[in-house]
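Before any comments, here is the structure.
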Amino acid sequence: MNFLLQGIAWIFDPARWSGPGDMQSRILEQLAYTFGAVAIASVIAIPLGLLIGHTGKGRDVAVSLSGGLRALPSLGLLIIFALLIGIGFKAPLLAFVILAIPPVLSGAYAGIEAVDRRTIDAARAMGMTEWQVLTKVEVPLGAPLIVAGIRSGILQVVATATLAYFASGGALGVFINDGLVTRNYIELLGASIVVTALALILEGIFALLQRLIVPRGVTAGQVADVRSRPVRSRSTVGSPIQEGE
């Protein structure tokens, strides 16, 4: 407990929040990697996921691709990019984009696939074009899972962005590496607490955002089949059943 309090005291030390390479600038670097990578991944993965979910084509390839990208070691990928394009901001950003693509892609096509087929058939029967079906029916109804995919990507990258230190010397990994090298476990613990708190704050923000942008009453994939449940008991020949029993 005393160790934990020392870690918290290390975070709020005024010296930590002033001067070059202070806590504030490291947090901003961590967030820049996180939101930059997920934004680029979303531009790539969401249109692809919508296309796969709407047409039903290429799903097996998308599943295999997502699984393969998830299996890649983040640090190994980061070092490969650093060797190919050099030390700096781009190498870790590209590595984190690849890390963010699988959850965003999975959320996009799963969100579209979760929409009740009868709703889509009804939209087509009303004369909607395929573009209208996608944008006015499938995307709004699949929004919960699409946002969940982005949220998952954010959480996955924000913790891993500490590895950016090895290629750019930035983000919160600076404090963690310094703590390991100098065996300053108070600094190591304090930096880990900051990373964890950042992930929890982003989780809370995106959970709230998910609630706000999803139309009320929409629960993708959980459309109740009211026709399968009779509202009144059916009588049986020879043994009539009284209502209310």
Side-chain angles (χ1 to χ4, degrees), residues 1-41 69-83 86-104 147-211:
M1 188 64 181
N2 187 42
F3 197 60
L4 179 62
L5 292 177
Q6 291 180 36
I8 295 174
W10 177 89
I11 297 171
F12 292 102
D13 185 347
R16 208 74 57 213
W17 296 85
S18 61
D22 60 359
M23 181 68 75
Q24 186 176 350
S25 62
R26 297 307 182 195
I27 290 175
L28 290 177
E29 288 172 350
Q30 190 94 358
L31 293 176
Y33 280 120
T34 301
F35 287 105
V38 175
I40 296 173
L69 293 179
R70 287 179 198 272
L72 292 175
S74 303
L75 182 58
L77 198 62
L78 177 64
I79 292 174
I80 290 173
F81 279 124
L83 293 175
I87 301 298
F89 184 80
K90 292 181 181 178
L93 182 65
L94 285 176
F96 299 146
V97 167
I98 292 177
L99 185 67
I101 283 178
V104 177
V147 175
I150 297 172
R151 179 178 160 191
S152 176
I154 289 281
L155 293 178
Q156 195 159 351
V157 174
V158 70
T160 314
T162 53
L163 296 177
Y165 168 80
F166 295 101
S168 67
L172 290 168
V174 173
F175 299 122
I176 293 176
N177 185 72
D178 287 348
L180 286 173
V181 172
T182 62
R183 296 188 178 183
N184 184 348
Y185 299 115
I186 301 299
E187 181 179 8
L188 182 62
L189 176 62
S192 301
I193 291 173
V194 173
V195 174
T196 304
L198 201 59
L200 291 176
I201 291 171
L202 290 177
E203 164 70 6
I205 292 174
F206 273 84
L208 178 62
L209 180 65
Q210 188 174 350
R211 282 178 172 271

For A82, side-chain contact (heavy atoms from CB on, under 4.5 Å) partners two or more places apart: I87, A91, A167
Geometric class of the F35/F206 ring pair [parallel <30°, tilted 30-60°, perpendicular >60°]: parallel
Looking at P103 and Q156, what are the two nearest heavy atoms and their distance? CG-OE1, 3.8 Å
Do the rings of W10 and F175 sit parallel, tilted or perpendicular, given the 30° and 60° boundaries? perpendicular
d(L75 CG, I80 CD1) to nearest 0.5 Å is 10.0 Å
One should read off an interatomic distance between I176 CD1 and T162 OG1, to the nearest 0.5 angstrom, of 5.0 Å
Rounded distance [0.5 Å steps], CG in L208 versus CD in E203: 11.5 Å
Within-4.5 Å side-chain heavy-atom neighbours: L172 and M23: yes
Within the 4.5 Å heavy-atom criterion, are L72 and L69 side-chain neighbours or not? yes
Closest non-hydrogen contact found for V158 with L155 is CG1-O, 3.4 Å
Which pair of heavy atoms, one from L78 and one from F166, lies closest together, and at what distance? CD2-CB, 4.3 Å
At their closest point, which heavy atom of A95 faces which heavy atom of L77, and how far apart are they? O-CD2, 3.9 Å
What closest approach, in Å, do T34 and A161 show between heavy atoms, and which atom pair accounts for it? OG1-CB, 4.3 Å
Measure across A41 and V104 and return the closest heavy-atom pair with its distance rounded to 0.1 Å. O-CG1, 4.4 Å
From CG (L31) to CG (L198), nearest 0.5 Å: 5.0 Å
Stepwise side chain to side chain contact (heavy atoms under 4.5 Å, CB included) check, I40 with L93: CA-CA 9 Å; I40 296 173; L93 182 65; 4.1 Å; yes
Distance from L94 atom CG to K90 atom NZ, nearest 0.5 Å? 8.5 Å
May I have the list of side-chain donor-acceptor pairs in residues 184-196 shorter than 3.5 Å, sequence neighbours left out?
unit_1, atom_1, unit_2, atom_2, d
N184, OD1, I186, N, 3.3
N184, OD1, E187, N, 3.2
S192, OG, L188, O, 2.8
T196, OG1, S192, O, 2.9

As an exercise, state the distance from OH of Y33 to CG of L99, rounded to the nearest 0.5 Å. 14.5 Å
